[in-house]
Amino acid sequence: MAYDAQEVETRWQKAWADARAFEAEIDHSKPKFYCLEMFPYPSGSMHMGHVRNYSIGDAMARFHRLMGSNVLYPMGYDSFGMPAENAAKKDGGHPHTVTHRNISSIRADQERMGYSYDWRRFFATSDVDYYRWNQQMFLMLNEQGLVEHKMAPVNWCVDCDTVLANEQVKNNRCWRCGLEVVQRDMMQWFLRMTEYSDELLEELENIVFPENVKAMQRNWIGRSHGTHIDFPIVGSEASIGTFTTRPDTIFGVTFVTLSPEHPLCEELCAGTEWEADWRELRDECVRMSEFERINMLKEKKGVFLGRHAVNPLNGEEVPIYAGNFVVASYGTGAVMAVPGHDQRDYDFAERYGIEIRRVLIERAGDDPASPLSEAFEGYGPMVNSGRDEFDGLTGDEAKDTVTGALQATGAGYGTIEYRLKDWGVSRQRFWGTPIPMIHCEACGTVPVPVADLPIELPLDVTFSEEQGGNPLATHDAFVNTSCPSCGNAAKRETDTMDTFYDSSWYFMRFCDATNENAPFSREAADYWMSGGVDLYIGGIEHAVMHLLYARFFTKATRDAGMNEVGEPFGTLVCQGMLNAPAPFCANCNAEYHVDNFGADCPTCGEPLGTRSAKMGKSLGNTVSPGDMIGRYGADTVRLFILYGANPEAGMDWSDTALEANHRQMYTIIDAIDSALAMDESPGPMDDWLLARLRTNQHAWREAMGGVSLREGVMVSHFEMVSDWNWYRRRGGCDRATARAFLGGWVPMLAPATPHIAEEFWQKMGGEGMLATLVLPDIDESGDKTVLAREAYLRTVIRTARNLRGLAERHTEGEISRVVFQTAAAWKAELARDAIQLHLENFDFKTQGQAHVQSLPIFENETLRGDIFQIWMALTAGSKKKLGRIHTWSDGERTLISSGFDEAAVLNANTDFLATELEVDSVDAYPVGEGEDVAGKARVAFPLEPGIAFL
RNA sequence: GCAGAGGUGGCGGAGUGGUUAACGCGCUGGGCUGAGGGCCCAGUCCUUAGUGGAUCGCAGGUUCGAAUCCUGUCCUCUGCACCA
């Protein structure tokens, strides 16, 4: 068959669209399957990472349709965000224009790949039809008490001219542009995600996320149980609140440390000789660059603030320091320092000459006075507390007792701290959802009434590179409004929402994408979201941010009665990296741009080697999907991507592998052509082929169901071809069998290579379209024996081939004949017996020997030695080899138990054996029924005939 | 430092106690075929012209038997990090 991928693929894409093959509706009579890929940002054209993501998703969507599920497989775009705004500034247009141009482009690329999306559900978050619901839900969250407007120190990126959430800061740099982040105090809108800290943490136990993602989320939420302890300040009404996980060390407190930004610092040292030092330290910490910070933090540094605090349990006065290692935003921003039992405090105390006190010993009976050369951070009995009720207590008991004592005097209480912070959603950007709030001088901040929504982004804004700040803030028609409460002149909030807000509920909008009255109906959400999205595929880079926000949002809407589920994603698959070769210097351990291929290292001058590196612009080692589709077609690209590696694994781009996959397409086409060209000619191999088909179907379903696409494709696109070739080689050529085979095989080709599969289906006269086909169940009963019989023949051929090489070297003349001596009847009898006993859990070790001796055949004295030998080989085996009853496959056991006649099978295939073994004649008979050629009768074993070449 | 993942033939990668490694790619030699991106055979660690030996990061251990289980150790990747 001539193969014009471009023609075939575009034709079927049109046919699917015309037939509305992928449009899904609620249908309670079928199991639903919601297949979703992480929301893409429309950045112009599709890149290979996208191709991998969607090829995985599409294969799974198509597979589940074949398995009879009602599949929801939507696509849309996360189209708010800075790149469009920056592009508009650069070109003087409007982000709206830029965005829609990009969306058309990427959508065309996706359509060309043949992805089976229900395009009716398509939307873009930057369209008012979507973001109006952002606003309405913001008002809903506000009513739930989950919105907060407060002054807060925020991460500010000068380059992006906006605030960043904690999660968006990596190594003190902006996650998007890489610039260092600075701290600023601003009025900001927050969502109280911390209300759900415990549920977000605990529900991780019950959802199917990869372990590393769970670990990252746990880490990020960072729950720790401990005790809040107040240290009153000497000569002041105020006290220092601290958080500790080690209240059992409270008697070892020899100082208290505040973060330099702590508000109490100024109060404590203002106007004293200590003030200047503190200011210097604070300024240093606030403005610290990343480089300085790493260097600085190697030494713990602090200043005395001139005052003392009182240990609430023993009344001792200890000095108060400000320390650069205390993080303002964690806990209370203040720590009780126990140098004897915390290494960090130990280092600090040593540097500033502060007492280091032992209040725990490692084992009961140790000397409480023994000095410490480093902090002992483990648990052990309390000592030196000065109070009898504490000394001797260990671990949790010690902690609880101390906490109880603090609680009794009101000086402290048990509490839980989280690393997780509330989600700051304000952004000082234009291209995002306007926050529906109004600032009135008289009434304060007032929510926009739902009836007045949506607040639309103005289109009459000009963008230019010179302008700074948010264009919304200077757009008078947008800003000036009236107060919904008092009617007087008021100003709109000009902050827009973080784009992660958009992607926190889009998966529910897809359930009901055209709803004009609500974000989504409860009925649709409950049907499609039941148990969460069934398969969510995307990159690990969203492990914390997007996945955490979406989980929070789903719980918030659940509590507002909008949906039933609390966890949005049932099974999450994080696709691996896509790598491609890049120049690499082993000396410098550095990768370079592909322009340097074949050159010397720009740094050290050594010749550059090659290493696989993450595909990306910076190295230039990218591959254009468009080029590849143009050259090989979408099916080949999809096959390569899916067969190259399982979804979670990293994968290397390889031109030769891609070409090999393209060749495989031709191989499959040829195989199918040959199947379509057969005559009515039933033969002995027909049953075998259909049995292989069923076995492969079974394996394929298992693999695909478990998202092991590589294994699935191996079966559908490789094993099936091999089996077909074997069938033909063994003389199979029956039209009806071939048709039945194709009827099972062609649908298996559809998930990975849907276009060519559909083409085959049409050619063979399959009913309807593959795209909407549902496969019947398979019945594999009875296949084992058929397959084992053929496997027996193949094994015999393989063994004989190996022996032939040896035989040639032994034999003087030309080899022209092969003789198979199959195991004597008594051996097969023994094997049947052993298999049967094995099934009955017979104890061969203790009773095996007695059993053999009780057999009638044992009366034959000349055979006794052989009988024992065979029996041992069957049941016990040797040091290197386990007994055959353990190693035989189910099929082989069935074969033997059913009285398989080896000689008959070999004799029925003498022509084939002669051809395969390159001999003129083939003889096969059980040992004893013919001449013992070359003494091979001795080695004959059930399923392993003695083989002699002559 | 903490956490997670992982180290298997020239390469990609299967394989979680049982004939010393699936499948693919690359390379070498051979056969079939009118031709073909097609099919088939053999080889691709060491050794040898008669079936030998070694091997799954390294070192121990458990077992009749280990790539697979246990202990230790080295290395790589990813994330977090003075988190009290």
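Labels below follow one simple rule: chain letters A, B, ... track the order of the sequence lines, proteins then strands, and each chain is numbered from 1. Computed from a prediction, not measured in an experiment: that's the story for all the values here.
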Asks: Checking base pairs now: Watson-Crick or wobble, both atom distances under 3.5 Å. What partners B:G34?
Replies: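 WC or wobble partner does not exist here.
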Asks: NE2 of A:H662 versus P of B:G36: gap in Å, rounded?
Replies: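 Interatomic distance, NE2 of A:H662 to P of B:G36: 18 Å.
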Asks: Hey, is the side chain of A:D652 pairing donor to acceptor with the base of B:C11 inside 3.5 Å?
Replies: no
Asks: For A:F325 and B:C82, what is the distance between atoms CZ and P respectively, to the nearest whole Å?
Replies: 12 Å
Asks: Measure from CD on A:E711 to P on B:G15 and round the result to the nearest Å.
Replies: 6 Å
Asks: B:G36 P sits how many Å from A:Q664 CD, rounded?
Replies: 19 Å
Asks: Does A:W726 have A:R794 sitting over its ring (NZ/CZ under 6.0 Å from centre, angle to axis within 45°)?
Replies: yes
Asks: Just how far, in rounded Å, is P of B:A22 from NE2 of A:H717?
Replies: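 Roughly 23 Å, once rounded to whole Å.
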Asks: In whole Å, measure the gap between the C1' atoms of B:A67 and B:G17 for me.
Replies: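 About 10 Å, rounded to a whole number of Å.
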Asks: For B:U62, what is the paired nucleotide under Watson-Crick or G-U wobble rules, both distances under 3.5 Å?
Replies: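 When the pairing criteria are applied, nothing turns out to pair with B:U62, so the answer is none.
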Asks: In whole angstrom, give me the gap between the P atoms of B:C70 and B:U16.
Replies: 14 Å
Asks: Does A:A660 reach a base, just sugar-phosphate, or nothing at all? Heavy atoms under 4.0 Å.
Replies: sugar-phosphate
Asks: Between B:G24 atom P and A:D655 atom CG, what is the distance in whole Å?
Replies: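 After rounding, the gap between these two atoms is 21 Å.
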Asks: Quantified in whole Å, what is the P atom distance between nucleotide B:G52 and nucleotide B:G61?
Replies: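 After rounding to an integer number of Å, I get 28 Å for this pair.
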Asks: Relative to each other, are the rings of A:H341 and A:F376 parallel, tilted or perpendicular (30° and 60° limits)?
Replies: perpendicular
Asks: Could you measure between the two P atoms, the one in B:C25 and the one in B:C39, and give it in whole Å?
Replies: 10 Å
Asks: Using heavy-atom distances to pick each residue's nearest nucleotide on RNA chain B, tell me which of A:E211 and A:N725 is more 5'.
Replies: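 Nearer the 5' end of the strand: A:E211.
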Asks: Is it the case that A:R246 places NZ or CZ above or below the six-membered ring of A:Y379, under 6.0 angstrom from the centre and within 45 degrees of the axis?
Replies: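 The answer is yes, since A:R246 meets both limits relative to A:Y379.
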Asks: With both distances under 3.5 angstrom, what nucleotide forms a Watson-Crick or G-U wobble pair with B:A42?
Replies: B:U28
Asks: Does B:G9 fall in syn (glycosidic angle within 90° of 0) or anti?
Replies: syn
Asks: Contact class for A:T667 (heavy atom, under 4.0 Å): base, sugar-phosphate, or nothing?
Replies: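 Since only primed, P, OP1 and OP2 atoms lie under 4.0 Å of A:T667, the category is sugar-phosphate.
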Asks: Using the P atom as the point on both nucleotides, what is the distance between B:G37 and B:C27, in whole Å?
Replies: 13 Å
Asks: Using Watson-Crick or G-U wobble geometry with both distances below 3.5 Å, tell me the partner of B:A84, or none.
Replies: none
Asks: Under 3.5 Å, is there a donor on one side chain and an acceptor on the other for A:S224 and A:Y330?
Replies: yes
Asks: Quick one: A:Y346 OH to B:C82 P, roughly how many Å, whole number?
Replies: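 So the OH-P distance, A:Y346 to B:C82, works out to 23 Å.
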Asks: Which part of the nucleic acid does A:R728 contact within heavy-atom distance under 4.0 Å: base, sugar-phosphate only, or nothing?
Replies: nothing
Asks: Given that both distances must come in under 3.5 Å, which nucleotide forms a Watson-Crick or G-U wobble pair with B:A3?
Replies: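 Checking every strand shown, B:A3 finds its partner in B:U78, with both distances under 3.5 Å.
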Asks: If you look at every strand shown and take non-hydrogen atoms under 4.0 Å, does A:V326 touch a base, only sugar-phosphate, or nothing?
Replies: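 The residue A:V326 makes base contact.
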Asks: With a 4.0 Å limit, can you tell me whether A:R419 has a side-chain N or O closer than that to the phosphate oxygens OP1/OP2 of B:A81?
Replies: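 Yes, such a contact exists.
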Asks: Return the 5'-most residue of the pair A:N212, A:M714 with respect to RNA chain B, ranking by each residue's nearest nucleotide.
Replies: A:N212
Asks: Less than 4.5 Å apart, any side-chain heavy atom of A:I354 and any of A:Y321?
Replies: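 Result yes, sub-4.5 Å side-chain heavy-atom pair found.
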Asks: Partner lookup for B:U48, please. Criteria are Watson-Crick or G-U wobble with both distances under 3.5 angstrom; report none if nothing qualifies.
Replies: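 By the stated definition (distances under 3.5 Å), nothing pairs with B:U48.
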Asks: Looking at B:G26, I'd like to know if its phosphate oxygens (OP1 or OP2) sit under 4.0 Å from a side-chain N or O belonging to A:R663.
Replies: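 Checking A:R663 against B:G26: at least one side-chain N or O falls below 4.0 Å of OP1 or OP2.
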Asks: In whole Å, measure the gap between the P atoms of B:C69 and B:G18 for me.
Replies: 11 Å
Asks: Any chance you could lay out the side chain to side chain contact (heavy atoms under 4.5 Å, CB included) test for A:Q217 and A:L200, step after step, and finish with the verdict?
Replies: CA-CA 9 Å; A:Q217 293 218 351; A:L200 287 169; 6.0 Å; no
Asks: Taking atom C1' in both B:U76 and B:C58, what distance in whole Å separates the two?
Replies: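 It comes out at 15 Å once rounded to the nearest Å.
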Asks: Give a yes-or-no answer on whether the side chains of A:T194 and A:D422 include a donor-acceptor pair shorter than 3.5 Å.
Replies: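 There is such a pair between these side chains.
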Asks: Only pairs with both distances under 3.5 Å count, Watson-Crick or wobble alike; so what is the partner of B:A14 in this structure?
Replies: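 Pairing partner: none.
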Asks: Please report the distance, rounded to the nearest Å, between CD1 in A:I221 and C1' in B:A81.
Replies: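 Taking atom C1' of B:A81 as the reference, CD1 of A:I221 is at 17 Å.
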Asks: When the P atoms of B:G6 and B:G57 are considered, how many whole Å apart are they?
Replies: 13 Å
Asks: How is A:M216 classified with respect to the nucleic acid when contacts are heavy atoms under 4.0 Å: base, sugar-phosphate, or nothing?
Replies: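 If one applies the 4.0 Å heavy-atom cut-off, A:M216 turns out to touch the sugar-phosphate alone, with no base involved.
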Asks: Hey, does A:L258 have a side-chain heavy atom less than 4.5 Å from the side chain of A:L264?
Replies: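 Yes, close enough: below the 4.5 Å cut-off.
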